[in-house]
Amino acid sequence: MSDKTHFGFEEVNAVDKSKKVGNVFHSVAEEYDLMNDVMSFGMHRLWKRMLLELSGLTENSTVLDIASGTADIPKLIIEKFPSSEIHVTDINESMLMVGKERAINENFYQNCSFALASGEVLPYQDNTFDLVTIGFGLRNFTDKQAGLMEMKRVLKSNGILLILEFSKPTNSIFSKIYDWYSFNIIPKLGGLFVNDEDSYRYLAESIRMHPAQEELKAMVLDAGFEECKFYNLVNGVVAIHQAK
Ligand code: SAM
């Protein structure tokens, strides 16, 4: 991995990125769910449901959700497959704590194990999981390729990887409107609801720096996965990459 990386549009030392990302998510943890609804007009709920549709999951499966945040994806999985066992992980203590409290309050704690862990160095043995999911987490990694290789390592040989992440709109006019919304409105919403414009400016910038659909697909295949496909949602604002 190179010594330099990006934190949004800023070039930073690779060793400093995870601390900077940590500060963003410590700052927004309590209001994270509210902001997701506000910024996406509630659409993130639908995108997560679509992710689950692509999981091929059956009962009694063992699942790893990386960068779980407030545990939206684990909750959906347990609602649909109540006998699944889910390992809920995040690098950020504040976010993981919100997820844990929610699992207790909303009664799905019994299916979950929680671990403070980076998706780039997973504390699990090889060939452990039937499904690995990651929602809106990968673009924050310092070394995305290392993260993908870890996901491959911990998946069983017939396991499935699902990555839900912001991507690149396919229509150029739509893309201009989306850029305007991302850089002018989203930081203002962050200021208004969380009193933190900078974190939401980072969000917009980090989305632009993340690999587009085909590039991410190539990275997934390079990490040793097979049959990688992607599904564009809302004209490619978001994509789900699915691989075996
Ligand atoms: N998955 C949740 C969702 O879809 O709503 C939360 C997504 S939130 C935008 C991104 C999460 O990624 C944060 O909780 C953050 O702490 C976590 N994260 C950032 N870098 C990470 C890393 N290297 N390993 C694991 N989690 C990471």
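Basis for what follows: all heavy atoms, side chains included, without hydrogens, waters or symmetry-related copies. Note that ligands are numbered from 1 as they come in the structure, with each ligand's atoms numbered from 1 the same way. Residue indices begin at 1 and follow the sequence shown.
- Leu161 and Phe230 sit in two unconnected hydrophobic clusters of ILVMFWY residues. Membership requires side-chain heavy atoms under 4.5 Å apart, directly or through other members.
- Contact check on Glu227 versus Lys244 returns a salt bridge, with a Lys/Arg side-chain nitrogen under 4.0 Å from an Asp/Glu carboxylate oxygen.
- In this structure, Thr70 falls outside the shell of residues with a heavy atom less than 4.0 angstrom from ligand 1.
- Side chains of Ile91 and Phe25 form no contact here, defined as non-hydrogen atoms less than 4.5 Å apart.
- Close approach to Asn36 involves these atoms of ligand 1, each under 4.0 Å from a residue heavy atom: 5 (O).
- Of all protein heavy atoms, the one lying nearest to atom 22 (C) of ligand 1 is Phe141 CE1, 3.4 Å.
- In this structure the side chain of Phe136 never reaches within 4.5 angstrom of the side chain of Asn36, judged on heavy atoms.
- Of all the heavy atoms of Thr89, none lies under 4.0 Å from any atom of ligand 1, so neither backbone nor side chain is involved.
- Under 4.0 Å is where a charged nitrogen must lie from a carboxylate oxygen, and between Lys75 and Glu79 at least one such pair does.
- Residue Arg139 places no N or O, backbone or side chain, under 3.5 Å from any N or O of ligand 1.
- Aromatic ring pairs are classed by plane angle as parallel below 30°, tilted from 30° to 60° and perpendicular above 60°; the pair Tyr202 and Phe7 is parallel.
- Both the backbone and the side chain of Phe136 come within 4.0 Å of ligand 1, counting heavy atoms alone.
- Scanning the protein for heavy atoms near atom 7 (C) of ligand 1, the closest one is Tyr32 OH, 3.1 Å.
- Going from atom OG of Ser18 over to atom CD of Glu120 covers 7.5 Å, rounded to the nearest 0.5 Å.
- With Asp72, Ile66, Val88, Asp90 as candidates, the residue nearest to atom 14 (O) of ligand 1 on a non-hydrogen basis is Asp90.
- Assignment of Ala117 to the shell around ligand 1 is supported, since a heavy atom sits closer than 4.0 Å.
- The side-chain contact (heavy atoms from CB on, under 4.5 Å) test with Asn111 singles out one residue from Ile78, Ile77, Val63, and that residue is Ile78.
- Of all protein heavy atoms, the one closest to atom 18 (N) of ligand 1 is Ile91 CG2, 3.7 Å.
- In terms of protein heavy-atom proximity, atom 12 (O) of ligand 1 is nearest to Ala67 CB, 3.2 Å.
- The contact set between ligand 1 and Lys48, taken as ligand atoms under 4.0 Å from a residue heavy atom, comprises 3 (C), 4 (O), 5 (O).
- Annotation for Gln110: atom CD counts as buried by contact number, over 12 foreign heavy atoms lying within 6.0 Å.
- From the protein, the heavy atom lying nearest to atom 19 (C) of ligand 1 is Asn140 CB, 3.5 Å.
- Using cut-offs of 30° and 60° for the angle between ring planes, the His87 and Phe129 rings count as perpendicular.
- Other residues, nucleotides and ligands contribute only 12 or fewer heavy atoms inside 6.0 Å of the CD atom of Gln125.
- Residue Met95 has no nitrogen or oxygen atom sitting less than 3.5 Å from a nitrogen or oxygen atom of ligand 1, judged on distance alone.
- Between Gly135 and ligand 1, at least one N/O pair is under 3.5 Å apart.
- The protein heavy atom nearest to atom 23 (N) of ligand 1 is Glu120 OE2, 3.0 Å.
- Tested against Ser27 for a side-chain hydrogen bond (donor to acceptor under 3.5 Å, both in side chains), the candidates Asn195, Asp196, Asp198 yield a single pass: Asp196.
- Given atom 2 (C) of ligand 1, the protein heavy atom at minimum distance is Ser68 O, 3.3 Å.
- Distances shorter than 4.0 angstrom do not occur between any heavy atom of His44 and any atom of ligand 1.
- The nearest heavy-atom contact from the protein to atom 25 (C) of ligand 1 is Gly119 N, 3.4 Å.
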